[in-house]
Amino acid sequence: MIDIHCHLLPGLDDGPGSMNESLAMARMAVADGIRGAICTPHWHPMIWPNQRDDIAEAVHALRSRLQAEAIPFEIWAGSELSLDADLEAGLADGRLATLNGGSWVLLELPGTFLPQGIEDYLWRFRQSGHELVLAHPERYSYILRDPARLHAWVEMGVAVQITAASLLGRLGPEIATLCRVLLEHRLVHFLATDSHGINSRRPLLQEAFEAAVEIVGSHDAMRLVDMHPQAVITNESLSLEDYAPLSLPNTKRSWFKFW
Ligand SMILES: [Fe+2]
């Protein structure tokens, strides 16, 4: 398995505070069957102004320590980019990090309000040649209220990453149910840890992978943790010929009660 969303680099954001904690996270991931990760520290211009060169340097330093400690864990550079007015310019002039330096971008939208004009924005983003993966939309309040919105975005070519802890119910039954519904409707492309440390939000995928196998079977579950992450690493588009999204039923009842 390869984790495409984790906060593994020390001291850059709200992830591990020390190199030793980063190494402990890597050991924990290896023991869980994860063989590598794209390190995705937050980028937010005011709070975490992590730029591509800083992240590359931090990846280089951690990679050296992993080798020195003989921890069999590969890492690549990336970033979790917040929606911001400077985002497009930062990508265009290379200040901001894409996933492994390719065309894939991990984008986090606001959790509590739907940004105005977001459909146009996502469309323009796709047209600019970037592959786009949304970080954990199952946690966005407006997707929880109206999952069909996400269906429209996936039809537009946006990929979706859900978080292992969400699927396992650690963020409540409603988010877990939404994860299940999204999986059943082929609206999920990646399952990742979004890990931040060794005590909470840990770098574990195996249990969530097994939960995904129960829902969609082993072939499609492997897409989420292996095939699709590999495509990101090698800078390819996803092969989705046999993975077209299924429409969510139109219901006037609360979708949560409906399921
Ligand atoms: Fe994250």
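Both counts, for ligands and for their atoms, begin at 1 and track the order of listing. These figures come from a predicted structure and were not determined experimentally.
- Taking the six-membered ring for Trp and the full ring otherwise, His185 and His151 have centroids separated by 6.0 Å or more.
- Atom OD1 is the N, O or S atom of Asp194 at the shortest distance from the Fe ion (ligand 1).
- For the 3.5 Å distance criterion, the side chains of Asn50 and Ser79 fail to qualify, holding no donor opposite an acceptor.
- Screening Glu138, Glu80, His5 for a side chain to side chain donor-acceptor pair (under 3.5 Å) involving Gln161 leaves a single residue, His5.
- Take the N/O/S atoms of Glu80: the one nearest the Fe ion (ligand 1) is OE1.
- Side chain to side chain, Glu88 and Ser128 fail the donor-acceptor criterion of an N or O pair below 3.5 Å.
- Rounded to 10°, the angle formed at the Fe ion (ligand 1) by NE2 of His7 and NE2 of His5 is 100°.
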